[in-house]
Every structure is written in structure tokens, then in C-alpha cells.
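A quick write-up on the structure given underneath.
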Amino acid sequence: MEKSSLPLPNEAPYYAGAKPARRSRKAAWALVPLAVTAYLFGPSIFRSVAPVSVGGTDLDPWASKSYCAQPDAIFPSEGDDALKKQYEYISSADFWNATVKRISGAVQVKSESFDDLGEIGKDPRWDVFYNFHKYLEATFPLLHEKLKVEKVNTHGLLYTWQGTDEKLKPTLLMAHQDTVPVPPETISAWTYPPWSGAYDGKHVWGRGASDCKNQLIAVMETVELLLEAKFNPKRTIVLSFGMDEECSGRQGAGHLAKFLYNRYGQDGLAVIVDEGSGFEEAWGTLFAKPGTGEKGYTDVHITVRMPGGHSSVPSDHTSIGVVSELITLIEAHQYRTHLEEINPYYTQLHCGAENSPDFPKTLKKLLAKRASGHEAHDSSAINTCKAKPDRLALEAAKQGKDIQYLMQTSQAVDVIIGGIKVNALPERVTVTVNHRINVGETPQIVWDRLTDLAGAVAKKHGLALHAFDGKEEPSSINLAASATTLLVAPVTPADGDPFAIIAGTTRALYGKEVIVAPGIMTGNTDTRYYWNLTKHIFRYGPGYDPEDDKGLAGVHTINEKVSIRNHVNAVRWFTLFVRNMDEVEI
Ligand SMILES: *[C@@H]1O[C@H](CO)[C@@H](O)[C@H](O)[C@H]1NC(C)=O
Ligand SMILES: *[C@@H]1O[C@H](CO)[C@@H](O)[C@H](O)[C@H]1NC(C)=O
Ligand SMILES: [Zn+2]
């Protein structure tokens, strides 16, 4: 589809021909079981027309079942004049100009977070968040007057808009206040200075503009506008903003999640929307990809200790040589590419097969085989030599490394420290290997494999091995896992509610040309601390600008910027979403 053929969202006001959320939703989801029933039990003529030849085999799993059912657009009920006006106002030039100011202002309040931050209250670098709160207070007066404001662990921000129906679980909207730092030596490479918040007619530029002060401001604008329109929610709306997402989130989200858990309990929230993936064109189709999964994470520190001494009488292998041998061995053993059916990318492939004109034929054939059970995936032997190659995953991986690593544990040797003097043998060398763990695997699989490889090298060189036992001794290889280790996130269900509300709201705003497919994140967000609060976590940037270049441009690097059209659409999406959530009983 041509980008320009996408209807600009402001061409259709939400209440034109709108149906209340509940009704349209039922209609969409009711069709699926009906179609399946008809296929299984209907007259044989129904069945004989269904399967078509896919690449030479008579397999067409999509004839009987959709793996990527798209709900109809979901609009909230019409509401009163104030709500109608409020929604129209979001598309006005007044709002555009006002929002430029607000985002620009937010970018101008520096709020970097650093990996080596000390304690809150002692390390003065935390104090920037006082300034950021002051800015938010001044910018969103009504929200600060009407909502309960709580500060968790000094700088974590929690806002609660109490709904009238205690039985409905809250909607939680998240973002983070902090940004990655700007390395001073890169400042001169920015087109506009990183804290200028410069506006060029389309974008606001600066650190944090799209990761993710835009999302934080969009959420607050949504609430402020709904308050102005005297919206009276049945379902409680909670906003939760951490301040160290870019360096593990322990002080912010870590504390906020515990606080919320004490208040709402296990599965106490209906849904969470945090920053995450957005829109992407693939195979000739525009997809929205709310992240329903996140890969796992573990850093492994490898330390090789060997006797020191003078360089003039070395052993054949120094600790640097030994560690090099181990690194070579690690890189010679890449993890297996394999796609579990629970992996959101599996559903994404089905979304492509069902909807995209340019979906590759070979891939479609392999996908059909898998879906029909003709080529069951062998997940029992995930990383052993005995495992059968996953032909579907290997074919899909041909699209590029970024796709491959949605289906494979990655390993990257990123840090090496050792050797200080040219005439002294290195006594201690440390290497850190970063891993992002594939859906269906665990950190333990990574640790076991490194234990095997390091064991072989240790044996060859007569060294002791200490694998994840917290011990060290002279002449040894030691393995230790980082405290940042994280399991693969539980995958959010992508059928039924609330996924259907997320998808239906997206299609209400952007039209039914947009296919909503579950996404998988290779990075981690603050939601890593929130798993117990709901099974329905979405990492989603709901703003889209058909004329913008890649949405992620500049994130974590120079020239970060956000398209204002993208941002305005995000505010419209959050407004529709909050109201849609208010009209369903989940
Ligand atoms: C919005 O701002 C631009 C300048 O950036 C100005 O030309 C325009 O008149 C403003 N529009 C409104 C409605 O205030
Ligand atoms: C969820 O709860 C379990 C059991 O209380 C706990 O062990 C686990 O750490 C919690 N997970 C998160 C992400 O908080
Ligand atoms: Zn972020």
C-alpha cells in the first residue's frame, strides 16, 4: 500500500457512524467460532471450496481458521458535546501549537539517567527530576488538582484518577521520565542542540523527544483534556512514570510496581500500555505492532585468572590468550534459530500470510505446513545438536538480522578488560557477554552452555572452573551472571480483550487497512517489573505519521526527534482507548 493512500485520521470524526464499543466488538469476535463450526460441520460443498493449493501442497490452514483475526474499529459511544469538542480540538491548529510547546518544554528539562547513579538523596544527579516534576505541575494544572498524586521512592510519579465503579480493574498507562545521556563529544553533531526542543515545522528535536517524553506528555494531555471535558470515568485510570528506565528501572519502576502490587494485588490491573513498538510496513501492508512479548536477558562475566610474572619468561598462553580461545569457541557456537508458536512473531507471520499481497511464497508454504501440524516444531531439544532444524524460522530469518534475532538467543561479546603493562603478564582478564533470550528458552540454557565451553578450555589449560558458584581462585576460569538477568516475559494473549480493544482502537483511528499484529521486543522496558499486575501488557507507541521517516530515528543516538503529527495521533489514540476501556466490562 502506498503510504499516501492511508486516510489521514482527521478526515473522519470518531462519532461518524460510530457504534458503542461493546456492540461492535461482539460482532467481530462472534464470527470466528461461527466460521470454524461451519467448516467442520457444514455441508461438504463448503469444505471442498475451502482449501487451495499453497505452493504445490494442499494445505491452507487459513481457510478454516484465522490466526490474526482483526476486530472491527471500536469507537466509544458518542458522549456529550464537551467530549465531542474535546476530541475535535486534538486535531486543531491550536492544539498542534500548544503540544509543540509542551513537548519542547519537556525536552528542555534535562533528565538524563546514568548507569553509575548513586543513592537517591546523595547523588545530586537525581535532582533533575525535581525540575521535571515542577514542569509537569505547571503544564498540567487540572490533572495535578484533580488526581491523587503520589511520589514513590522520591522521584517515581504515580497519578490515580479514581473511577466510579470499584469492580472494574484499572487501566495503567506508563512512560519514563528519564532519557539516555548525551555524550558530550557528540553534541556538536546534532542538527539542533540536544536540549533545545527546536521545532522545524514538523518535528520537535532533542534528547527524549521520542524515547519517551512524547508518550509521557501524550498520556498527560489525554487526561488533562478529558478532565477539561468533565469526563467521569467508571474505570480507574492510573499513570505510572519511573525515572531510571534507561539504566534498569530498579529505583523507579521497581518501586512503583511493588507499590501498585500492594494496592491492587495479583492481576489487579485490566491492562498496561507502556512505550514500545509502533507501525511498520512489511510485505506491502502497514502493520501496527503492539509488543506482547519481550526477550529475556542475561550478561555473563567471564574472568580468567593466571599467574603473573615477567613478560620475558611467559607461559605459552597468557590469560588473554586463554580468554581469546574461549571467545572464539563461544562465537563458533551460535544459538539455534527457532520459532515457538507462542512467540508473537509466529502470529505476525500469519498476519502477513493472511493479509499481505507480497508475503513470500516459500515462507507461506512452510508456515502452512507448521500450522497444519505437518512439521511440528521440535522444542524438546532446543539447543542440542539433535534438534531438527526449524525450516520455518530459518526461512524467515533470511529477511535480515533484525528478524533473525526475534527467533534466536543473541550473544555479543561486548566488554573486555585485562592487561595493564607491556612487561607484566596479565593476571586477570574479564569479559562480558550480553545475551537476549529467545521465547521458549531461559537464562539457565545460556549458563549451561557457557559452563560446557569454559569447562573445555579450563581443562585444556589445567585451570579450575567456577561456574556460577560465586567463588574465585588463582589459576581458574570463573563465570558469573549479572543481577540484571531476566526471564523471557510472559506473552500477552493476542486474542479476545484487551488485545481487541487495542487493535480496534487502532483501526478506528487509522482505518482498516492497518493490520494489528502482536510484536516482540528485543529490548526491555519498565514493564519487566509489572508482570504480576496483569497478563495484558502492551509495549506500544500508538502514534503514526504516514509522511514521517522511520519512527525510531535518533533514539539513543544523535538527532532524536518526534513528528508532531505522530504525537497528535497518539493523543487521539489514548483518548479513544481510555474511553473504549471505560465501556467494556473486563
Ligand atoms: C501556530 O503557530 C504558527 C507558528 O509556528 C503560527 O503561524 C500559526 O498562526 C499558529 N496557529 C494558531 C492557530 O495559533
Ligand atoms: C511475581 O510474584 C512472584 C511470587 O510472589 C515473585 O517471585 C516474582 O518475583 C514476581 N515477579 C515480578 C516481575 O515482580
Ligand atoms: Zn524508553
Side-chain angles (χ1 to χ4, degrees), residues 88-104 106-107 111-113 172-181 197-219 240-250 252-269 272-278 291 294 296-297 443 483-492 521-535 537-541 543 551-557 560 562 564-565 568 570:
E88 279 167 15
Y89 168 67
I90 302 171
S91 304
S92 70
D94 277 342
F95 180 79
W96 182 289
N97 283 6
T99 207
V100 164
K101 261 199 184 148
R102 282 187 288 259
I103 298 182
S104 172
V107 167
S111 58
E112 296 167 297
S113 64
L172 173 63
L173 307 175
M174 291 171 61
H176 57 87
Q177 308 168 57
D178 60 310
T179 71
V180 290
Y199 175 58
D200 65 2
K202 277 189 174 168
H203 301 92
V204 167
W205 294 66
R207 174 57 78 229
S210 62
D211 182 9
C212 67
K213 287 182 173 173
N214 58 327
Q215 188 122 339
L216 188 146
I217 296 294
V219 164
S240 162
F241 304 141
M243 67 293 179
D244 59 344
E245 193 275 344
E246 300 293 359
C247 43
S248 88
R250 222 168 302 157
H255 285 253
L256 285 158
K258 260 194 217 117
F259 191 93
L260 288 166
Y261 190 83
N262 289 337
R263 179 167 292 166
Y264 297 110
Q266 187 77 24
D267 292 321
L269 301 175
I272 293 176
V273 181
D274 192 11
E275 61 166 342
S277 42
E294 253 177 42
Y297 187 103
T484 46
T485 294
L486 190 63
L487 295 173
V488 175
V491 177
T492 299
M521 314 271 295
T522 51
N524 299 109
T525 65
D526 267 345
T527 61
R528 79 186 82 173
Y529 297 100
Y530 288 73
W531 296 349
N532 285 334
L533 279 154
T534 180
K535 293 183 174 60
I537 299 180
F538 298 93
R539 301 125 183 119
Y540 190 30
L552 281 181
V555 166
H556 291 209
T557 178
E560 184 174 350
V562 64
I564 297 302
R565 175 165 301 287
V568 166

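Each ligand, and each atom within it, is numbered from 1 in the order the structure gives. Excluded from the calculations below are hydrogen atoms, water molecules and symmetry mates; all remaining heavy atoms, backbone and side chain alike, are included.
The N/O atoms of N532, backbone and side chain alike, include one that comes under 3.5 Å of an N/O atom in ligand 2.
Side-chain contact of H176 with D244: a donor-acceptor pair under 3.5 Å is absent, judged by distance alone. Judged by distance alone, the side chains of Q266 and Y261 do bring a donor and an acceptor atom under 3.5 Å apart.
Our summary of the site lists the angle at the Zn ion (ligand 3) between OD1 of D211 and OE1 of E275 as 100°, to the nearest 10 degrees.
The residue from E245, E294, R539 that alone fulfils the side chain to side chain donor-acceptor pair (under 3.5 Å) condition with N524 is E294.
Residues E275 and D526 fail the side-chain proximity criterion, which asks for heavy atoms closer than 4.5 Å.
For ligand 2, the atoms sitting less than 4.0 Å from at least one non-hydrogen atom of R528 are 13 (C), numbered in the order shown with element in parentheses.
C212 lies apart from the Zn ion (ligand 3) in this respect, since none of its N, O or S atoms is found at a distance under 2.8 Å.
Atom CZ of R250 has 12 or fewer heavy atoms from other residues, nucleotides or ligands within 6.0 Å.
Protein residues having at least one heavy atom under 4.0 Å from any atom of ligand 1 are A93, D94, N97, listed by chain and number.
Here the N, O or S atom of H176 that is nearest to the Zn ion (ligand 3) is NE2.
Atom OH of residue Y530 and atom CG of residue L269 lie 9.0 Å apart, to the nearest 0.5 angstrom. Note that the OG1 atom of T527 and the CG atom of D274 stand 5.5 Å from one another [nearest 0.5 Å]. Taking CZ from F538 and CD1 from I272, the interatomic distance works out to 10.5 Å, rounded to the nearest 0.5 Å.
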